[in-house]
Amino acid sequence: SGIVLAPAAVSRRSDSGPETGVLEFVRVGGIKQTCAYVAGPDKPGDACGLTDNIDDALHFRWGRSAGQGIRILEWAQDDGSYKWLAIHWNNGIPVFEPGSTRYAVLTVLDPTTLTTPLARLLIPEPGPSGITVWKLSSEGQVTPVWKARERVYELALFDMDGYEIYIAANADSYGRANPRERRGHLIFRPVTH
């Protein structure tokens, strides 16, 4: 592999343009796992998943700021274009209160058409899609946030068998309802070639 990971750090714009990197999924609670990175859909219409091969990981760059440490992540395409990293709620409108097991998946949103390939495929109760904004900590941890009813909710991430990634509206309720899934978080890792 010609990709070299740098330590997790807050992305800074350099003179040569925005810094690019990969998103590493790290399980919470010291559960041993091989490295897992956010990967693209296996085929059109699929959600993004996880891969243990860094060569298959999607490369991201930081987009415009939404203030207070919140940014948009852009998936940098090989041809220089980009798509926005987004989420799509699989089972209707997100509910954040205790007891909610609503979840979303990672997808991409075309900045020209403002559509995601999942919106028309999730039947019978597709939920909303949207450009997800991401909260970036000084240690490089990246947390998805969703704005609803004038509140901003930090969302929780889970993985299933190291290949699928789910985003829960309520971490405690979702975790109890899905005990095989493991909670984790994403770390932005700058890369060099």
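- Side-chain contact between Phe188 and Pro190 is present, with at least one heavy-atom pair separated by less than 4.5 Å.
- Across Ala148 and Tyr153, no two heavy atoms sit closer than the pair O-CE1, 3.8 Å.
- Taking the six-membered ring wherever Trp is involved, the centroid distance between the rings of Tyr166 and Phe158 does not fall below 6.0 Å.
- In plain terms, the two heavy atoms of Ile165 and Cys48 that are nearest each other are CG2-O, 4.0 Å.
- Counting heavy atoms from C-beta on, the side chains of Phe60 and Val22 never come closer than 4.5 Å.
- Between Val145 and Lys135, the closest heavy-atom pair is CG1-CB, 4.2 Å.
- Within the 4.5 Å cutoff, the side chain of Leu23 has no heavy atoms near those of the Leu58 side chain.
- At least one side-chain heavy atom of Leu186 sits under 4.5 Å from a side-chain heavy atom of Trp134.
- The nearest pair of heavy atoms linking Ala169 to Leu155 is CA-CD2, 4.2 Å.
- A chain of hydrophobic side-chain contacts below 4.5 Å, direct or via other Ile, Leu, Val, Met, Phe, Trp or Tyr residues, connects Phe96 to Ile87.
- Going from atom CD of Glu154 over to atom NE2 of His185 covers 13.0 Å, rounded to the nearest 0.5 Å.
- A salt bridge links Arg149 to Glu97: one of the charged nitrogens lies within less than 4.0 Å of a carboxylate oxygen.
- Distance check, rounded to the nearest 0.5 Å: CD of Gln141 to CD1 of Ile187 gives 5.0 Å.
- Residue Ile54 holds its CD1 atom at 9.5 Å from CZ of Arg189, rounded to the nearest 0.5 Å.
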Query - CA sep, side-chain torsions, deciding dist, call: Asp159, Arg27, side-chain contact (heavy atoms from CB on, under 4.5 Å) - result: CA-CA 8 Å; Asp159 85 297; Arg27 286 186 175 159; 3.0 Å; yes

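- Leu85 and Leu136 end up in the same hydrophobic cluster when Ile, Leu, Val, Met, Phe, Trp and Tyr side chains are linked at under 4.5 Å.
- The main-chain N or O of Ile93 is found under 3.5 Å from a side-chain atom of Arg102 such that the two form a donor-acceptor pair.
- The two residues Phe25 and Gly184 have their closest heavy-atom pair at CZ-CA, 3.5 Å.
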Show every donor-acceptor pair shorter than 3.5 Å between a side-chain atom in residues 171-179 and any protein atom, with sequence neighbours excluded, or say none if there are none.
| residue | atom | partner | partner atom | Å |
| --- | --- | --- | --- | --- |
| Ser173 | OG | Gly99 | N | 2.6 |
| Ser173 | OG | Asn170 | OD1 | 3.2 |
| Tyr174 | OH | Glu181 | OE1 | 2.7 |
| Tyr174 | OH | Glu181 | OE2 | 3.3 |
| Asn178 | ND2 | Tyr174 | O | 3.0 |

Requested in this report: Report the C-alpha separation of Val191 and His59 in whole Å, then their side-chain angles, then the decisive distance to 0.1 Å, and conclude whether the side-chain contact (heavy atoms from CB on, under 4.5 Å) test is met.
Outcome: CA-CA 9 Å; Val191 295; His59 286 221; 3.8 Å; yes

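- Shown here for Thr51 and Asn53, the closest heavy-atom pair between the two residues is OG1-N, 3.1 Å.
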